Amino acid sequence: MKHDFKNIEPKWQQRWEAAEAFRAGEDRSKKKFYALVEFPYPSGAGMHIGHVKAYAGLEVVSRKRRMEGYNVLFPLGFDAFGLPTENYAIKTHVHPRVATDRNIEKFTMQMKKLGFSFDWSKTIDTTDENYYKWTQWIFLKMFENGLVFRDKTLVNYCPSCKVVLSNEDSQGGKCDICKSDVIQKSKDVWYLRITEYADKLLEGLDSVDYPQNIKTQQINWIGKSQGAFVDFSVAGGKEKLTIYTTRPDTLFGVTFMVMAPEHPMLDKYKDIITNFDRVEEYRAICAKKTEFERTQVNKDKTGVKLEGFTAKNPVNGKEIPVFISDYVMMGYGTGAIMAVPAHDERDYEFARKFGVDVIEVVKGGDVSEAAYTGDGEMVNSGFLDGLTNKKDSIAKMVEYLEEKGIGKAGVQYKMKDWAFNRQRYWGEPIPIIHCPNCGMVPVPYDELPLKLPNIDKFEPGEGGESPLAKIDSFVNCTCPKCGGAAKRETDTMPQWAGSSWYFLRYVDPNNNERFADPERLRYWMPVDWYNGGMEHVTRHLIYSRFWYRFLYDIGEVPFPEPYLKRTAQGLILGPDGEKMSKSRGNVIDPLDIVDAYGADVLRTYILFLGDYTASAPWAENGVKGCRRFLERVAALTDIAKGKGSTPALEKQFHKTVKKVTSDIEEMKFNTALAALMTLINDISDAGTLTVDELKTFIALLCPFAPHLCEEIWESLGEKGFLSLSPWPVYDESKVVDAEVEIAVQINGKLRATVTVSADADKASVLETVRSCDKIAPLIEGKQIVKEIYIPGKIVNIVVR
RNA sequence: GCGGAUAUGGCGGAAUUGGCAGACGCGCUAGAUUCAGGUUCUAGUCGGGGCAACUCGGUGAAGGUUCAAGUCCUUUUAUCCGCACCA
């Protein structure tokens, strides 16, 4: 047979679709497998080669699971709210609804051309009213449970475009659109109180199967730190300035304090601070920097010393100066710090620049040279002197602070509450009404979905508010509580909202009564295996775990964690080894490859390319290798006979079934395919194989190259789909070798190999080795110091 | 800066997790098939030395642990990813 992909691929795609071959079954007595891949943003550019890799992994696992008899749910939907579609609408006046529908249609068609076994009957679209109704519903549940609040924050704002910018769009402090200076502006923002779930999100990690690096990234992102809040009296003892520190034990080494430039206490003491003009000057400079820059560029510390405003060290009563500096962030801790220059690098650098004293309180370094951040004996620290264990000295200091009422133990998280709104059109409207009498009032549940009004001008409003603010018919409404005139919130939710619970909707996508039927949730959840990009490991993964955990806490879902197992694929880089991007011109269009080589070749190549979890550059020549491989597979039909295989080949088949079976589970697709290539080389050497062996071969290859394998299956006279036929099994007794080859080393250098029976004992193996004619002369007359034998692997003789 | 990762032939990558480095594929060389290009087949392909058997060296760099290190430890360099309004 020839590999006629142009005809066989559409043929099998149509047959699968007509038979709904990959539709998840309703039989809940069967073992289930829920495979989830991150749903795409349906951009106008269509499918990217990265999507193919992201989906091909669990595509193979899902296909294997079906053959193993599982009831498999492998869905795909669309995360369609977002800026690119909105910007496209601003530019072209094509409504986002129209553009989104068009893009989804294109994307779906492209996916089908790859032969992915998605259950298209379960597809969803986050911008569908029947979907975002439930996104709004969950938001209101959070509102009801005190997890939604409003507060001020600083945002990047371009005064010329009058628009709020992301950090990315304001890099270098310049507006990406008009290049004018970006300023920091205070703005009312919606927040979700995710910090309340910080501990639950940390604890939940113990019960799930994520790779350690993903867990570590989440732990660091949450950034829990144990420390203490300490009150310093300022301005002559009238008021307290509270700081947060993880090292209260170094309190005796505090020689100054630093406040964030935006710290509200500064304004209260305007009249006392004699150089307040300098403070305002400095604030203006800082307002031009994004927080990102402030934390990033800390090479050169800047700041202003406050005149007429000092603090008192609460443990030794010493008067210390207070500075403002932008290396202290208002958003972390209390917005003020105690500085211990001897033992903190940033404080040290600042102290050197501003000529403040450095007092050593932990022995071990030379504080005249650099800050010492290690452990050591406490000195110059009153009642802590002589303690050598950090834990003990922290505990003792916290005890002292609590006793004296000047501080208390506390916990801080790096993770902040989640800023949950955008001033954009193309997002879920936040279902809240502002009533002059009743305050913030939720839209009643029976009025959901709160639909986006149909508009044709998508430019953001003056001052950066959402385009919705201009639509009077949307904004003006009556308060559901008092019936008086009220105004709707015009911000929309961030694009993270829809993706925070989408995996629940796949289970029951058309339910109008609930976000999903509880019985279906109990059967399908949790997701058994979730694969996606490393870049989503912190945000999306944490956000969706938060939402799910909340739903669990209010009794809406059956388990506390949504994903049992998480993996992440690596990027496909351009042929030049750089990240693919339009501007570099190194983008590979997957459909070009499908046209030239077929979907089976593309799928096979992408998985053969290298370690699935690592990044690898695209190489067109590698594609040809996979084409050659599939052509050789097709040609196997010409030599398969009823009988005539060899015992050696039979053994090779058992080994390959074992290897492919386990490699797929470990996502080692490249070595699984290498094993199949090795096997086809063995078949070529043998020159023959049986029809049953060919069936085994195509069953193993079917998850990778399903169209060709189905075609061969049919040509062998089989009815039904190979894709739904049983997965091959192997016989463990046929896999073990009776004889093994053992490497023989003298003093760690390879000198020979010997073949011994697999169950030989150490004495007989060593006897064989010593008498071997390559080894005997080398140990002749030498003193044998040691003989090491690792069964089945190696013998090492140490001689002198 | 902080956090996460990576580094192995000409190239993509393997290495049973501390046990024969370079599986498999690409590319390349030689030969065969073909009118020719492509395809297909056979042999070879980490580097140095040797006709060969063989031998010496070799996993970004420098140290260390071990009978044994690509794998573990310390230091270091380079590259990639994330850092909160990009999706």
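Everything quoted here is computed from the prediction, not taken from an experiment. Just so we're on the same page: letters track the sequence lines, and every chain starts at 1.
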Enumerate all atom pairs, one protein N or O and one N or O from nucleotides 16-20 of chain B, separated by less than 3.5 Å.
from: B:C20; atom 1: N4; to: A:E741; atom 2: OE1; distance (Å): 3.3

Ring pair (Phe, Tyr, Trp, His ring centres under 6.0 Å) involving A:W190 - partner list, sequence neighbours excluded:
none
Kindly point out which of B:A87, B:G27, B:C67 is positioned nearest to the side chain of A:R628?
B:G27
Could you walk me through whether A:T604 and A:R627 satisfy the side-chain hydrogen bond (donor to acceptor under 3.5 Å, both in side chains) test, starting with their C-alpha distance in whole Å, then the side-chain angles of each, then the deciding distance to 0.1 Å, before giving a yes or no?
CA-CA 9 Å; A:T604 305; A:R627 178 180 64 186; over 6 Å; no
To the nearest angstrom, the CG-P distance between A:N220 and B:G4 comes to 5 Å
Under the ring pair (Phe, Tyr, Trp, His ring centres under 6.0 Å) test, residues paired with A:F697 that sit two or more places apart:
none
If only side-chain N and O atoms of A:Q495 are considered, is one of them under 4.0 Å from the OP1 or OP2 phosphate oxygen of B:A87?
yes
Watson-Crick or G-U pairs under 3.5 Å in RNA chain B, rendered as dot-bracket with [ ] for crossing pairs and | for another strand
(((((((..(((......[....)))((((((.......))))))((((....))))..(((((..]....))))))))))))....
In B:G9, glycosidic geometry as syn within 90° of 0 or anti otherwise
syn
Using the ring of each side chain (for Trp, its six-membered ring), is A:F704 parallel, tilted or perpendicular to A:F669, with breaks at 30° and 60°?
perpendicular
NA contact type, A:H540, heavy-atom cut-off 4.0 Å: base, sugar-phosphate, or nothing?
nothing
Give a yes or no answer on whether the side chain of A:D79 reaches the backbone of A:G498 with a donor-acceptor pair at less than 3.5 Å.
no
Answer with base, sugar-phosphate or nothing: what part of the nucleic acid does A:K414 contact at a heavy-atom distance below 4.0 Å?
base
Between A:Y55 and A:Q569, does any side-chain donor sit less than 3.5 Å from a side-chain acceptor?
no
With a cut-off of less than 4.0 Å, is there a side-chain N or O of A:R539 near OP1 or OP2 of B:C83?
yes
Looking at A:Y191, I'd like to know if the NZ or CZ of A:R150 sits under 6.0 Å from its six-membered ring centre while staying within 45 degrees of the ring's axis.
no
Counting the atoms with a prime plus P, OP1 and OP2 as sugar-phosphate, which does A:K749 contact under 4.0 Å by heavy atoms, base, sugar-phosphate, or nothing?
sugar-phosphate
Decide whether A:Y612 and A:T567 meet the rule of one side-chain donor and one side-chain acceptor closer than 3.5 Å.
no
Salt bridge (charged side-chain N to carboxylate O under 4.0 Å, His left out) assessment of A:R770 paired with A:E787
CA-CA 11 Å; A:R770 279 193 292 258; A:E787 288 170 319; 2.5 Å; yes
Is the shortest side-chain N/O distance from A:R627 to OP1 or OP2 of B:G38 below 4.0 Å?
no
By nearest heavy atom, map A:R751 and A:Q212 onto RNA chain B; which one lands nearer the 5' end?
A:Q212
Residues two or more places apart in sequence or in another chain: which of them pass side-chain contact (heavy atoms from CB on, under 4.5 Å) with A:Y210?
A:L205, A:V208, A:I214, A:K215, A:Q218, A:L541, A:R545, A:E561, A:Y563, A:R566
For side-chain contact (heavy atoms from CB on, under 4.5 Å), just list the numbers for A:M677 and A:R632, CA-CA rounded to whole Å, side-chain angles, deciding distance to a tenth of an Å, and then say yes or no.
CA-CA 10 Å; A:M677 289 174 181; A:R632 291 177 74 193; over 6 Å; no
Spell out protein contact along nucleotides 8-13 of chain B as letters: B when the base is contacted, S when just the sugar-phosphate is, - when no protein heavy atom is under 4.0 Å; keep the 5' to 3' order.
----BS
